[in-house]
Enquirer: 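Starting off with a structure, shown below.
Since the structure is predicted, the reported quantities are computational estimates derived from the model, not experimental observations. In what follows, chains are A, B, ... by sequence order, proteins preceding strands, each numbered from 1.
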There are 2 protein chains.
Amino acid sequence: MKKIGFIGVGIMGKSMIRNLMKAGYEVAVYNRTKSKTDDIVSEGAIWRDTVKECVADRDVVITIVGYPKDVEEVYFGENGIIANAPKGAYVIDMTTSSPRLAARIYEEAKKAGLKSLDAPVTGGDTGAREGTLSILVGGDKEDYDACLPIFEAMGKNINYEGKAGNGQHTKLCNQIAIAGAISGVCEALAYGKAVGLDLQTMYDSISTGAAGGAQMNMAIPRILKGDLNPGFFIKHFIKDTRLAEEESQAVDLDLGVLEYVLGMYKKLEAEGLGNLGTQALIEYYK
Amino acid sequence: MKKIGFIGVGIMGKSMIRNLMKAGYEVAVYNRTKSKTDDIVSEGAIWRDTVKECVADRDVVITIVGYPKDVEEVYFGENGIIANAPKGAYVIDMTTSSPRLAARIYEEAKKAGLKSLDAPVTGGDTGAREGTLSILVGGDKEDYDACLPIFEAMGKNINYEGKAGNGQHTKLCNQIAIAGAISGVCEALAYGKAVGLDLQTMYDSISTGAAGGAQMNMAIPRILKGDLNPGFFIKHFIKDTRLAEEESQAVDLDLGVLEYVLGMYKKLEAEGLGNLGTQALIEYYK
């Protein structure tokens, strides 16, 4: 279990690869845009030209790509992971993606003699860099146990959430809670501004109490500095909350606040703001 | 500045009076229901039969009652605080109430030779008991400075928010942020339950990251124990969020999430759940 194939070398992936190499793993990498792997390859990762080559001789394959369609593309088909990973290998999708897709990968992987886990993360670029990600894992418990040392190289709060897809479901719980929290924060700030409060003092006053939380501490200081740059992209949050909307509808659950917040973000995206950070929800109230 | 009149001896008021006495203040008390003051009187507070008598010889008058109409009742009229407090006294309303009412009290108090502050609190019964309330103060800065030792006897994070009414406006910011946060938490939990997650593990997984916050830590553990008892009553949260709705409409600001959450709580209140705690929002999703 020392040879890892890693597909998806974005901001998150790059830091995760560094932490895996630091822990002694040999990491082969593939990315759609090769140039993004230059630094990581100079640090010891092995470049592979295709997904197929990247997984062929590996004990474990990790993916963290963009959208569910990207996940489908790298897992399925004759050049995909499932057709080309060696029998007995573990395949771990760490993309925030569809729980149903995770369950489908699990089934297809099983048929091919592979072991599959869905393991999306929270903690952002900072968590990836510092190796303090929370990792939410679905699949078979014995496979989770077997891969735990790998997860421990990348994260801190690592939990087994149950069957295939449950890692993704748990991540969607996270995004649902964030949707409420960030909208409450932005509405509070919009209100404070409209009635003429000193917003820094307002923040100092309420952030330590019952209204306090990670979203408030992320968003208000940035907004007050005029910084709407992405810690987390609006376009990605829309992807995640759309998944949550679809999944909740599939179980006949109406999540009104989530849908309301998704509607606001879609409006901002339509106005060309999808590449801003989620704190740019404040723009909705202007 | 050692003689305080205190009107409103509920759960919050009682603890605040104890902390004032502990700090060496002489506290005269009045409450609509006298029996609720028995213990505090046995501990050294002075019972007064009317508002008028409770304020007549006091340096400072503190009120923490239920609704804005209760605030009006104790401040205005020939038997009220403004007509009966001695010239030069400070009158401090710590009820969560209307910013416009606070501004009106400030004006009327000024005409009567009194100094008025609005100083609602956050931190709940625990904060009141332990003297760790956050106190949000509006009014004249010199009056805030003069009363700071009194606030320090009851709280920790004490801030001057600006002119009369701004303490209330800041408290409404707090409640607006809470509305978003608690709804996100309850939707995440409802979703997790609907898709069959182990909810304790879900909570352990997401509460340490970007979705984490005081409302999540308040609500999920209680809900998982089946405890819907009030830390904070739904009926009081409806009062507060209604105030926020009115005030935001007055400045032409549309707070869609707040209104959505208020609508959910009103539905629960109509079903007879107004005396449950705010975490009972989870019942909306059943």
Side-chain angles (χ1 to χ4, degrees), chain A residues 99 122-124 127 134 136 157 159-162 166 169-170 172-185 187-192 194-198 201-202 204-206 208-216 218 232 244 247-248 251 253-258 260-261 264 285, chain B residues 99 122-124 127 134 136 157 159-162 166 169-170 172-185 187-192 194-198 201-202 204-206 208-216 218 232 244 247-248 251-253 255-258 260-261 264 285:
Chain A
T122 73
S134 294
L136 319 165
N157 186 15
N159 286 281
Y160 176 66
E161 314 291 346
N166 277 12
H169 278 309
T170 306
L172 295 183
C173 287
N174 189 72
Q175 304 306 70
I176 292 166
I178 286 176
I182 185 67
S183 66
V185 167
E187 292 203 345
L189 200 56
Y191 176 81
V195 300
L197 292 179
D198 180 282
T201 306
M202 184 274 274
D204 294 341
S205 305
I206 74 171
T208 59
Q215 287 298 305
M216 184 175 281
M218 177 282 288
F232 194 74
E247 292 292 322
S248 60
V251 291
L253 178 69
D254 182 22
L255 299 181
V257 173
L258 178 82
Y260 194 92
V261 175
M264 293 195 283
Y285 297 94
Chain B
T122 74
S134 293
L136 319 165
N157 186 13
N159 285 280
Y160 176 68
E161 313 291 347
N166 277 12
H169 278 310
T170 307
L172 294 183
C173 287
N174 188 72
Q175 305 305 72
I176 292 166
I178 286 176
I182 184 68
S183 66
V185 167
E187 292 203 344
L189 200 57
Y191 175 81
V195 300
L197 292 180
D198 179 283
T201 306
M202 184 275 274
D204 294 341
S205 305
I206 74 171
T208 59
Q215 288 298 306
M216 183 175 281
M218 178 282 290
F232 194 73
E247 292 292 321
S248 61
V251 291
D252 268 330
L253 179 68
L255 300 181
V257 173
L258 178 82
Y260 194 91
V261 175
M264 292 195 284
Y285 297 94

Enquirer: One pair to check against side-chain contact (heavy atoms from CB on, under 4.5 Å): A:Thr122 and B:Ile206. What are the steps and the verdict?
Expert: CA-CA 8 Å; A:Thr122 73; B:Ile206 74 171; 5.6 Å; no
Enquirer: For chain A, which candidate among B:Thr201, B:Leu172, B:Val185, B:Asp198 shows the most heavy-atom pairs at distances under 4.5 Å?
Expert: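 Ranked by contacts with chain A, first place is B:Thr201.
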Enquirer: Could you please spell out the steps behind the side chain to side chain donor-acceptor pair (under 3.5 Å) verdict for A:Asn157 and B:Thr208?
Expert: CA-CA 8 Å; A:Asn157 186 15; B:Thr208 59; 3.0 Å; yes
Enquirer: Hey, which of A:Gly213, A:Ser134, A:Ala177 has the most heavy atom pairs under 4.5 Å with chain B?
Expert: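 The answer is A:Ala177.
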Enquirer: By a 4.5 Å heavy-atom criterion (distance strictly below it), what part of B:Tyr260 contacts chain A: side chain, backbone, both, or neither?
Expert: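 It is the side chain, since no backbone atom gets that close.
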Enquirer: So which of B:Gly192, B:Gly212, B:Ser205 has the largest heavy-atom pair count under 4.5 angstrom toward chain A?
Expert: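 Among B:Gly192, B:Gly212, B:Ser205, the one with the most close pairs to chain A is B:Ser205.
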Enquirer: Over all heavy atoms of both residues, which pair between A:Ala244 and B:Tyr191 is shortest? Give the atoms and the distance, please.
Expert: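 Taking A:Ala244 first and B:Tyr191 second, the nearest heavy atoms are O-CE1, 4.2 Å.
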Enquirer: Taking all atoms of both residues into account, what is the closest heavy-atom pair of B:Gly209 and A:Ala214, and its distance?
Expert: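 Answer, listing the atom of B:Gly209 first, then A:Ala214: O-CB, 3.5 Å.
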Enquirer: Side chain, backbone, both or neither: which part of B:Glu247 has a heavy atom under 4.5 Å from chain A?
Expert: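 Both parts, backbone and side chain.
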Enquirer: Answer with side chain, backbone, both or neither: which region of B:Ala190 has an atom nearer than 4.5 Å to a non-hydrogen atom of chain A?
Expert: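 Contact with chain A is through both the backbone and side chain of B:Ala190.
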Enquirer: Report the residues that fulfil side-chain hydrogen bond (donor to acceptor under 3.5 Å, both in side chains) with B:Tyr160, sequence neighbours left out, ordered by chain and then residue number.
Expert: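 side-chain hydrogen bond (donor to acceptor under 3.5 Å, both in side chains) check on B:Tyr160 returns nothing, list empty.
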Enquirer: Measure the shortest side-chain to side-chain distance between A:Leu197 and B:Asn166 over non-hydrogen atoms and say whether it is less than 4.5 angstrom.
Expert: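 A:Leu197 reaches B:Asn166 side chain to side chain.
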Enquirer: Would you check if the side chain of B:Glu187 reaches a backbone N or O of A:Gly180 as a donor-acceptor pair within less than 3.5 Å?
Expert: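 Side chain of B:Glu187 to backbone of A:Gly180, a donor-acceptor pair under 3.5 Å: no, none is there.
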Enquirer: Do you know which of A:Pro99, A:Gly184, A:Ala179 has the most heavy-atom pairs under 4.5 Å to chain B?
Expert: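 Result: the option with the highest number of such pairs is A:Gly184.
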Enquirer: So which of B:Leu253, B:Val257, B:Val195, B:Ile182 has the largest heavy-atom pair count under 4.5 angstrom toward chain A?
Expert: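 Highest number of heavy-atom pairs under 4.5 Å: B:Val257.
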Enquirer: Are the side chain of B:Gln215 and the backbone of A:Ala210 linked by a donor-acceptor contact shorter than 3.5 Å?
Expert: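 Side chain of B:Gln215 to backbone of A:Ala210, a donor-acceptor pair under 3.5 Å: yes, one is there.
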Enquirer: If you count heavy-atom pairs under 4.5 Å between each of B:Val251, B:Leu255, B:Asp204, B:Leu258 and chain A, which one has the most?
Expert: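 Of the options given, most contacts go to B:Leu255.
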Enquirer: Where do A:Asn174 and B:Met202 land on the side-chain contact (heavy atoms from CB on, under 4.5 Å) test, with the steps shown first?
Expert: CA-CA 9 Å; A:Asn174 189 72; B:Met202 184 275 274; over 6 Å; no
